[in-house]
Amino acid sequence: MKQLLDLLSEESSAAFERAGFDASLGRVGISNRPDLCEYQCNGAMAGAKKYGKKPIDIANAVAEELKGTEVFSSVEAVMPGFLNLNVKEEYLADYIRGMAGAERFGVEAPEKPLKIVIDYGGANVAKPLHVGHLRPAIIGESIKRIARYAGHEVVGDVHLGDWGMPMGQVITEMQERYPNLNYFDETYTGEYPEQPFFTIADLEEIYPTASGKCKSDEDYKKKCLKATLELQQGRRGYRALWRQILDVSKVDLKRNYGNLGVEFELWMGESDADPLIADMIRDMTDKGQAYVSEGALVVDIREESDKKELPPCIVRKSDGSYNYQTTDIATILFREREIKPDLIIYITDKRQELHFTQVFRAAKKCGIARETTALEFLGNGTINGADGHPFKTRDGGVPRLEFMLKEIEDKMYERLRENEESRGEEAMPEEEARQTAKITALAALKYGDLSNQIAKDYIYDVERFTASEGDTGPYLLYTMARIKSILRKYRESGKDADAAEFPVPEGRLQKAICQDLALFGRMVDEAFRERAPHKVCAYLYQMANDLNSFYHETKILAETDEKKQAGYIALIRTVLAVMEACIGILGFEAPEHM
Ligand code: ARG
């Protein structure tokens, strides 16, 4: 379906043409003076020079041409040459009826959908998800859903950290503790046990222990580096043990991502690119793209336009092992071979920007990424505590995602019970209350995050995120629950809420809601093109505010004029459906009651 602003622009462009001016001047945008008009066109200002006329004369001539249009209810040329436009209520209603009857509210797939890989998990094997993994997961999931809604073909890849030093550290620590196990016996040629001898809880203790020891004990660190190298080079016992570490860890990660409403189509890791690395490195060396510098193999990625000197990309360390850069470049090779994407979007902390600049440049320079493959890094800002520094637990540790989620859930539960009491309502059964708290907590957390621009830092504030008033997830969900409750009561009175026809809006409040609805397609388009989930949030917030203003001034269920009432019902039903679509692309849900 064509977007509303395009239709309005067509109408205005035709008028420019009839008046003897270039049609391209007719572009209509949303008014930046909503107190004066709904839409505006500034083409007369741009045309003044070209035609050697005063802008107001052009605007007047166009306004004359727009008289009697089916689209605008008022057209006004104002000094120094703006066209102030209002749209006809009937036209708006027709447009929304069209939207409501169309798939995805009229958002059409582009002629050539893009094939997109979104790399957004970044979890590391043997390490629990923590606060640092929260934003990439939430943002990535939302961008994936937005891109899909906009009609593109998208897969999400968790890209597990499963091939670096942490693996060597865990293996080393296990070897220190249980040196007699078969995994560590290099002469052993038999099978290894099917069941791992450790649990996720063991891993969660082993990794930090090993990593701590590395900091104070040089010999131990050397052992870890050696184990990492031997693992990468294929030492049989290490590979078998590593496979089990991976399996145990994945179960836990899947559960945790699941609790966040985050799902990956691909559960690949750094290690999956390993089989490609040897040939890739040989190729780079043969072509002279990589060379030895201080014992390491590097690719020079400097470009003339660089303002400061960028360090080379290290593709093999001096001890012969591969690093984060190697696996990321090889993963691009893998994706080019297996998926052939038009675009790969990476979402991680913005402090990784240099890494990605190096990787992207090396991949392009060495012909690993095709020229047509766009590589894009979206660096997210930090989650800060009230002190403005990265958010920490009370004892200064790195907060685990599970516990953050639990805290917010408990808070939502508390609020729910308080609300029931203050409204004098019957208490929800315990299980339902817990379930509701879970759903609303996720909305509070995700909305609290996504309503910020991706690159900006924000303050993690459970009180604010869970508040039922203001620009928060719970506020939206309350609005939706309110609509659901009205629709339920309407149905209970024996009427058919789905049969009600979308009304021609009456009055300012209804019209505002209609304007919001009609701009849905434009919002989706912008949110995708600008990779901006916060635009979905802003859209939702505006919609909820407009809906609530209308609700407070209108007696919907008490309305005695049935036709009028049916119109109200259709209006709020459509708002609910569009809000559902929006929270769907943000990656959360709404409960029935709140
Ligand atoms: N595992 C990495 C980390 O914890 C993030 C991975 C991001 N994706 C990538 N392709 N490098 O920092």
Side-chain angles (χ1 to χ4, degrees), residues 118-141 156-174 196 198-215 221 224-225 227-229 231-232 238-239 241-260 262-264 266-274 317 321-328 330-331 346-352 355-356 359 379-380 382-383 390-391 397-405:
I118 307 192
D119 178 320
Y120 69 99
N124 298 309
V125 166
K127 294 199 236 176
L129 289 180
H130 59 73
V131 59
H133 295 111
L134 186 64
R135 296 207 70 195
I138 293 181
I139 295 166
E141 183 70 21
D157 184 7
V158 65
H159 196 72
L160 283 182
D162 64 357
W163 207 228
M165 171 87 157
M167 298 294 98
Q169 288 169 314
V170 172
I171 291 173
T172 302
E173 183 58 25
M174 286 179 167
F198 52 87
T199 64
I200 185 69
D202 297 328
L203 286 180
E204 285 175 1
E205 177 267 319
I206 290 174
Y207 172 72
T209 307
S211 141
K213 278 195 194 169
C214 276
K215 289 189 186 111
K221 188 174 169 191
C224 293
L225 285 167
T228 310
L229 181 63
L231 167 71
Q232 292 183 354
Y238 283 3
R239 286 282 175 113
L241 181 55
W242 167 80
R243 175 57 55 201
Q244 293 189 334
I245 298 172
L246 204 64
D247 290 345
V248 169
S249 202
K250 263 193 203 171
V251 172
D252 184 61
L253 290 171
K254 281 192 181 163
R255 181 179 60 80
N256 273 297
Y257 276 126
N259 286 338
L260 260 190
V262 170
E263 266 173 45
F264 299 96
L266 297 176
W267 274 83
M268 314 270 309
E270 295 168 352
S271 65
D272 287 295
D274 183 66
K317 296 201 288 185
S321 66
Y322 301 125
N323 63 6
Y324 190 37
Q325 309 203 312
T326 329
T327 50
D328 256 328
T331 301
Y346 295 81
I347 300 156
T348 68
D349 190 301
K350 65 184 174 197
R351 284 168 290 192
Q352 293 199 23
H355 164 77
F356 284 102
V359 165
N380 62 265
T382 314
I383 302 183
F391 184 58
V398 181
R400 275 178 63 166
L401 218 136
E402 251 178 295
F403 303 147
M404 292 170 73
L405 208 53

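Numbers for residues simply follow the sequence, beginning at 1.
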Closest non-hydrogen atoms of A126 and I245, given as atom of the first, atom of the second and distance, are CB-CG2, 4.2 Å

Run the side chain to side chain contact (heavy atoms under 4.5 Å, CB included) test against K213 and tell me which residues pass, sequence neighbours left out. E173, E176, T209, Y220

Nearest atoms (heavy-atom pairs only) where A137 meets L260: CB-CD1, 4.2 Å

Only one of T326, D274, N323 passes side-chain hydrogen bond (donor to acceptor under 3.5 Å, both in side chains) with W163, and that residue is D274

Provide the closest heavy-atom pair for C214 versus M165 in the form atom of the first, atom of the second, distance. SG-CE, 4.2 Å

Measure across Q232 and Y322 and return the closest heavy-atom pair with its distance rounded to 0.1 Å. OE1-N, 3.0 Å

Heavy atoms of other groups near E205 CD, more than 12 under 6.0 Å: yes

Side-chain heavy atoms of V125 within contact of P166, under 4.5 Å: no

Indicate the atoms forming the closest heavy-atom contact of T172 with C224, along with that distance. OG1-CA, 3.4 Å

Heavy atoms from other residues, nucleotides or ligands near CZ of R351 exceed 12 (cutoff 6.0 Å): no

Determine yes or no for a side-chain-to-main-chain donor-acceptor pair under 3.5 angstrom, with E141 supplying the side chain and E263 the backbone. yes

Salt-bridge criterion met for D252 and R255 (N-O under 4.0 Å): yes

Will you find, in the side chains of D328 and H355, an N or O donor that is under 3.5 Å from an N or O acceptor? yes

Ignoring hydrogens and angles, tell me if any N or O in the side chain of R135 forms a donor-acceptor pair with the backbone of T348 under 3.5 Å. no

Would you call the rings of W267 and F264 parallel, tilted or perpendicular, taking 30° and 60° as the class edges? perpendicular

Holding to side chain to side chain contact (heavy atoms under 4.5 Å, CB included), I want the full list of residues that pass it with D202, two or more places apart in sequence or in another chain. F198, T199, I206

Between D272 (side chain) and G269 (backbone), is there a donor-acceptor pair under 3.5 Å? yes

Does D119 offer a backbone N or O that forms a donor-acceptor pair with the side chain of D157 under 3.5 Å? no

